[in-house]
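Okay, structure first, notes after.
Predicted model, so just to flag it, every value in this text is computed and none were measured.
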Amino acid sequence: MRTATLGPAERATALAQLARQELDVLVVGAGVVGAGVALDAATRGLTTGLVEGRDWAAGTSSRSSKLIHGGLRYLEMLDFALVREALKERGLLLERLAPHLVKPVPFLYPLQHRGWERLYAGSGVALYDAMSVSSGHGRGLPLHRHLSRGRALRVAPCLRKDALVGALQYYDAQMDDARFVTTLVRTAASYGAAVANRARVVGFLREGERVVGARVADVEQGTEFEVRARQVVNATGVWTDDTQSMIGERGQFHVRASKGIHLVVPKDRIHSTSGLILRTEKSVLFVIPWGRHWIIGTTDTDWDLDKAHPAASSADIDYLLEHVNTVLATPLTRDDVEGVYAGLRPLLAGESDATSKLSREHTVAHPVPGLVVVAGGKYTTYRVMAKDAVDEAVHALDQRVAGCVTEDVPLAGAEGYRARWNARTGIARRTGLHVARVEHLLNRYGALAEEVVELIAADPRLGEPLPAAEDYLRAEVVYAASHEGARHLDDVLTRRTRISIETFDRGTRSAREAAELMAPVLGWDSGQVEREVEHYEKRVQAERESQRQPDDLTADAARLGAPEIQPL
């Protein structure tokens, strides 16, 4: 099966298809859950559409801690079912569904008390490993181990000697969240789903009380059209309540937004061969290996301001630096921070005031005929959420529909990945790329790296690194626009690559070159190139200004100083 290409022509075809035929299922929202729903529905043989008002994963699903994990801290809350479910999904992703995108990552947990803490924390980690293995999909990760203080300091020399009496080391997994969602969307399209980004739902179609479709605005062209569907699935995350308000009825549940921010610092600022997990007064703090960088996060605070562009304040940044510096021998400063990003978790609203105590379970509801709502949950369990949402939609269809098969459907690029990884030296000789570049491409695209290599073969200049962002090849920018649905410069620098958080200039020195590479693919003239670069620079400026503000209110106001990119 050939993987779907998501270029400008394919987007136009998808929009025409959405307007022309009645669908079995229309999915609203292309975060990880919406993309998962589209894949689930399409692989059951249902005619499926997926629309997203901005870009794939533009909201929560590109701003996570980038971990695929069981949630070790949920064991302490005695939420065994959630942990068991998440560990099974972690194993499936590592072993079968996305081995090219999901990778093992070690974490060191420093112990600060002798005796009881090692017994208490060790029992929890041992149970975590046991639940992983018992799921049938956890044998690919090493088991945890106990370390003395001396051995722990050899693993992580960055730690202060007085910050630990010993440590535990265990394994979880990580991925590039935005790339994962893009791959999910492409996989769904390969199975027949009609997918379109920059296509915003502005209202629902009704026949009496039944929802029979949606009015969709093509944000790029400034036009509107109707999409008819037998079932609509609302998978809009933190926008769930806003989307539900379009049907003029109260939902059966409410979603609260919790803000989490992360810092990105260069690899040489923290000397360690393992990630770190630290306990705070409210939750836990991760220091996560990320290529030539570390990701430090996260916070967990209530947020009721702008959902599209949550802002990190100066207080948020200070909080993370203060907590991580309690264990570092060489403290981090503001000058060490390359990038900052903020995201919103969609939590099911409960009676607790503390967002850290709200449920990470998910809920599926059918508030009115024809409309299914799915909300809550964890990134790791997106596939289970998608299955439950499609099961609910199927109940209302007057036809026999096959059960969920996504447990056995590898994502685009997974098939053949391991064989190509084994042949990476030969690929490097054949293409003239350094083997490190080949490994980089395989870990981002899997077997689809061959498509990127084909671009380089056609134009060898695309095999050169992007100026001021040398981890990425120029071909990857072109590929993002021609194959992955990138419509604007921001899509490429922020989500298809991570240049916006991995460079001290936040991508501004790469912006013009990237825009000029995208221009021929997307039909931009010189004026649009200028607008794209100007918009990106203003966005970075607004984000920097927000990060100097003392609190959420002033940070939000500063971030909103950069307007949305204008349609072509």
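Checking Thr243 against Thr236 by side-chain atom types alone, a donor-acceptor pair falls below 3.5 Å. A donor-acceptor contact closer than 3.5 angstrom is absent between the side chains of His362 and Thr381. Residues Gln549 and Glu545 have side chains that bring a donor and an acceptor to within less than 3.5 angstrom of each other. Glu476 and Tyr445 are linked by a side-chain donor-acceptor pair at a separation below 3.5 angstrom, with hydrogens and angles left out of the test. Side-chain contact annotation: Tyr479 with Glu484, donor-acceptor N/O pair under 3.5 Å absent. A donor atom on one side chain and an acceptor atom on the other are not found under 3.5 Å apart for Gln528 and His488. The closest side-chain donor-acceptor pair between Ser64 and Asp177 falls under 3.5 angstrom. A side-chain N or O of Arg539 and one of Thr494 form a donor-acceptor pair less than 3.5 Å apart. Side chains of Asp316 and Ser313: a donor-acceptor N/O pair is present below 3.5 angstrom, by distance only.
Minimum interatomic distance between Val477 and Met518 (heavy atoms only, all atoms of both residues): CG1-CG, 3.6 Å. The two residues Val102 and Ala173 have their closest heavy-atom pair at CG1-CB, 3.8 Å. Looking at every heavy atom in both residues, Glu338 comes nearest to Glu502 through OE2-O, 3.0 Å. Closest heavy-atom contact between Ala311 and Ala342: C-CB, 4.2 Å.
Atom CG of residue Leu321 and atom CD1 of residue Ile296 lie 7.0 Å apart, to the nearest 0.5 angstrom. To the nearest 0.5 Å, atom OG1 of residue Thr47 and atom CG of residue Leu23 are 5.0 Å apart.
Between the side chain of Ser62 and the main chain of Ala57, a donor-acceptor pair closer than 3.5 Å is present. With hydrogens and angles ignored, the 3.5 Å screen pairs a side-chain donor or acceptor of Arg179 with a backbone N or O of Arg496.
Partners of Tyr536 under the ring pair (Phe, Tyr, Trp, His ring centres under 6.0 Å) rule, at least two apart in sequence or in another chain, do not exist in this structure. Applying the side chain to side chain donor-acceptor pair (under 3.5 Å) criterion to Thr182, with sequence neighbours excluded, gives no partner residue. Checked against salt bridge (Lys or Arg N to Asp or Glu O under 4.0 Å), Glu516 has no partners two or more places apart in sequence or in another chain. With sequence neighbours excluded, the residues satisfying salt bridge (Lys or Arg N to Asp or Glu O under 4.0 Å) with Glu530 are Arg512.
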Worksheet item: Under the side-chain hydrogen bond (donor to acceptor under 3.5 Å, both in side chains) criterion, do His262 and Ser65 qualify, and how do the steps go?
Response: CA-CA 7 Å; His262 296 78; Ser65 296; 2.7 Å; yes
Practice prompt. Walk me through it: do Arg559 and Thr554 pass the test side-chain hydrogen bond (donor to acceptor under 3.5 Å, both in side chains)?
Written response: CA-CA 9 Å; Arg559 176 60 187 86; Thr554 52; over 6 Å; no
Worksheet item: Would Asp556 and Lys259 count as a salt bridge (Lys or Arg N to Asp or Glu O under 4.0 Å) if you check the C-alpha gap in whole Å, the side-chain angles of each, and the deciding distance to 0.1 Å?
Response: CA-CA 12 Å; Asp556 179 66; Lys259 184 180 71 168; over 6 Å; no
Item to complete: Could you give me the CA-CA distance, side-chain angles and deciding distance for Asp302 and Arg256, then say whether salt bridge (Lys or Arg N to Asp or Glu O under 4.0 Å) is met?
Response: CA-CA 8 Å; Asp302 207 16; Arg256 240 171 100 181; 3.4 Å; yes
Practice prompt. Go through Arg215 and Glu226 one step at a time and tell me if the salt bridge (Lys or Arg N to Asp or Glu O under 4.0 Å) criterion holds.
Written response: CA-CA 5 Å; Arg215 283 199 321 281; Glu226 292 185 350; over 6 Å; no
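Annotation for Arg292: atom CZ does not count as buried by contact number, only 12 or fewer foreign heavy atoms lying within 6.0 Å. Annotation for Glu470: atom CD does not count as buried by contact number, only 12 or fewer foreign heavy atoms lying within 6.0 Å. For NZ of Lys267, the number of neighbouring non-hydrogen atoms (other residues, nucleotides, ligands) closer than 6.0 Å is greater than 12.
Here salt bridge (Lys or Arg N to Asp or Glu O under 4.0 Å) pairs that include residues 9-29, with residues two or more places apart or in two chains, are Arg11-Asp218, Asp24-Arg230. Listed by first and then second residue, the salt bridge (Lys or Arg N to Asp or Glu O under 4.0 Å) pairs involving residues 381-390 are Glu89-Arg383, Arg383-Glu407, Lys387-Asp391 (not counting sequence neighbours).
Note that Lys103 lies outside the cation-pi zone of Tyr417, set by a 6.0 Å cut-off to the ring centre and a 45° limit from the axis.
Ser258 pairs in a side chain to side chain contact (heavy atoms under 4.5 Å, CB included) with only one of the listed residues (Asp300, Leu344, Thr301), which is Asp300.
Within the 4.5 Å cutoff, the side chain of Asp242 has heavy atoms near those of the Lys307 side chain.
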